[in-house]
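First comes the structure, then the notes that go with it.
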There are 2 protein chains.
Amino acid sequence: MAKENKSIYAILGCLGKREWMTGYDIKQIMQKMSAMYWAENNAQIYPLLKKLLIEKMVELKEDSQGPRKKLLYKITPKGMNHLMKWLVKPPQELAKHKDEYLLKFSLGQFLDQNELQNHIENLLVKVKVKKNILIDGEQRIRKEHEGRKDCLYISSIYEYGILLSEAKVKWCESILKKIKNGDFQTNENLK
Amino acid sequence: MAKENKSIYAILGCLGKREWMTGYDIKQIMQKMSAMYWAENNAQIYPLLKKLLIEKMVELKEDSQGPRKKLLYKITPKGMNHLMKWLVKPPQELAKHKDEYLLKFSLGQFLDQNELQNHIENLLVKVKVKKNILIDGEQRIRKEHEGRKDCLYISSIYEYGILLSEAKVKWCESILKKIKNGDFQTNENLK
DNA sequence: CATCCCATGTAATCTGTTACATGATTGA
DNA sequence: TCAATCATGTAACAGATTACATGGGATG
């Protein structure tokens, strides 16, 4: 059985929340979500919008009023129905990912101790930066989305990212302690 | 600039740790790693091994001794050098992922309260199961890999997975509390 | 005698990324 | 007037997934 393309649900979901959005609007939203749980780029969004239009999941309105031409999309009842059917089904899998940091770390025996330490310090910095971005983002969402139906959902997703970042910080710090303690077998000769 | 295919480093990394492995052996290892940070399936491994062979990053030995023919690969100095060059470079990005649970959760306003609750309970169960698998896995690694250079690396990666699982459990539980408290705006009419 | 594991692979399809092309408006 | 942002898109390529094909050996 062909796997369903979940990207279309991400797009339909955006359109379910707000009517008459452009492909560009959707891309902007996706970009914000991408930090947390979903990424989509415009080489996917525009063709998928066309596909959804052909399947009558969305409808199109051209806006020539404003200064420039915009293509505005709205979800149809058929599209909403399609979204809902998928939404109520239990998700199939936990998120899988390819993590370059962990791949390199798993091969740490081939690195010098200071190279290994650099990688983890580098990761720690990035995770801390991301955590702060998420903390700010959550504050912003609480204000901007106040009163909106999805406010608590979105801020909860930020909360999720923050909790995970904290766990990662904890891990990095414990690893750094072990590295400095010389616990890891590294490669100080070859190369 | 074309993005480098990191899958080849995952394969070279496996071969860097142990000589004369078959494609099947590599696949088995990848399968274990996939729970944590890297997934690769055999439709990628076999063609990549051939590519690596052509590029003289690995060498091949055919084993006809045993009951069935095996193709055994070993990393070459050139391959090792290629691996090392990549390994010392700072990783470029934090892991991105598409998380179906979070996507559905972000659209929770379209679900009934009990459907929303089901999704999170479902996630909580899976995360707890995964956490226990990782705890067992870490124990096993500590024994099986004892004395091996990568023992602490691999067990640390399990530790990473465990810490993240714990953070997820914490999140699910706090969300469930809020759902039961009726904090989330859900859709009890439509559909 | 069936099923699972070992072992190697391919074809077709789907998904994702990069780079590019185009051009208007806004703000410093 | 220059850069950033708004806005829509495509081509080419890279990567991943599914399903299939093949067949020996071991276990029950």
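Labels below follow one simple rule: chain letters A, B, ... track the order of the sequence lines, proteins then strands, and each chain is numbered from 1.
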- Task: State which residues pass salt bridge (charged side-chain N to carboxylate O under 4.0 Å, His left out) with B:Lys168; sequence neighbours excluded, sorted by chain then number.
- Result: none
- Applying salt bridge (charged side-chain N to carboxylate O under 4.0 Å, His left out) to A:Lys130 and not counting sequence neighbours gives none
- Query: Can you check the B:Lys61 NZ to C:dT8 C1' distance for me, whole Å?
  - Reply: 18 Å
- Message: How would you summarise protein contacts on nucleotides 4-11 of chain D per nucleotide, using B for base, S for sugar-phosphate only and - for none, with heavy-atom distances below 4.0 Å?
- Response: -SBBBBBB
- Message: Taking only side-chain N and O atoms of B:Ser7, does any of them lie within less than 4.0 angstrom of OP1 or OP2 on D:dA16?
- Response: yes
May I have the list of side-chain donor-acceptor pairs in residues 29-37 of chain A shorter than 3.5 Å, sequence neighbours left out?
unit_1  : atom_1 : unit_2   : atom_2 : d
A:Ser34 : OG     : A:Gln31  : O      : 2.8
A:Tyr37 : OH     : B:Ser106 : OG     : 3.3

- Task: Check the distance between D:dA16's C1' and B:Ile45's CD1 and give it to me in whole angstrom.
- Result: 12 Å
- Please name all residues satisfying side chain to side chain contact (heavy atoms under 4.5 Å, CB included) with A:Glu55, sequence neighbours left out, ordered by chain then number. A:Lys51, A:Leu52, A:Met57
- In whole angstrom, what separates A:Lys6's NZ from C:dT15's P? 9 Å
- Sidechain-backbone polar pair: B:Thr76 side chain, B:Lys56 backbone, donor-acceptor under 3.5 Å: yes
Extract all donor-acceptor atom pairs below 3.5 Å that involve side chains of residues 146-153 of chain A and protein atoms in other chains or at least two apart in sequence.
unit_1   : atom_1 : unit_2   : atom_2 : d
A:Arg148 : NH2    : A:Asp150 : OD2    : 3.2
A:Asp150 : OD1    : A:His145 : ND1    : 3.2
A:Asp150 : OD2    : A:Lys17  : NZ     : 3.1
A:Tyr153 : OH     : B:Gly108 : O      : 3.4
A:Tyr153 : OH     : B:Gln185 : O      : 2.9

- Establish, with yes or no, whether the OP1 or OP2 oxygen of C:dT15 is under 4.0 angstrom from a side-chain nitrogen or oxygen of A:Asn5. yes
- Partners meeting salt bridge (charged side-chain N to carboxylate O under 4.0 Å, His left out) with B:Glu138 (sequence neighbours left out): B:Arg142
- Note on the structure: With sequence neighbours left out, the residues meeting side chain to side chain contact (heavy atoms under 4.5 Å, CB included) with B:Asn81 are B:Lys85
- Pairs flagged by salt bridge (charged side-chain N to carboxylate O under 4.0 Å, His left out) wherever residues 35-48 of chain B is involved - sequence neighbours left out: A:Lys98-B:Glu40
- Sequence neighbours left out, what passes side chain to side chain contact (heavy atoms under 4.5 Å, CB included) with A:Val125? Give chain and number order. A:Val129
- Task: Figure out the CD1/P separation between A:Ile11 and C:dG16, and round it to whole Å.
- Result: 11 Å
- Send over the distance from B:Ile26 CD1 to C:dA7 C1', rounded to a whole Å. 13 Å
- Return the residues of residues 51-58 of chain A meeting this criterion: a heavy atom under 4.0 Å from some atom of DNA chain C. Order them by number, or give none. none
- If you measure only the distance, is there a donor-acceptor pair under 3.5 Å linking the side chains of B:Gln113 and B:Gln117? no
- Note on the structure: B:Trp38 CH2 to D:dT17 P, in whole Å, measures 12 Å
- Message: How many whole angstroms separate atom CG of B:Asp63 from atom P of C:dT8?
- Response: 10 Å
- Query: How is the base pairing of DNA chain C summarised as a dot-bracket string, given the Watson-Crick and G-U wobble criteria with both distances under 3.5 Å, [ ] for crossing and | for another strand?
  - Reply: ||||||||||||||||||||||||||||
- Atom CG of A:Asn41 and atom C1' of C:dC20 are separated, to the nearest Å, by 13 Å
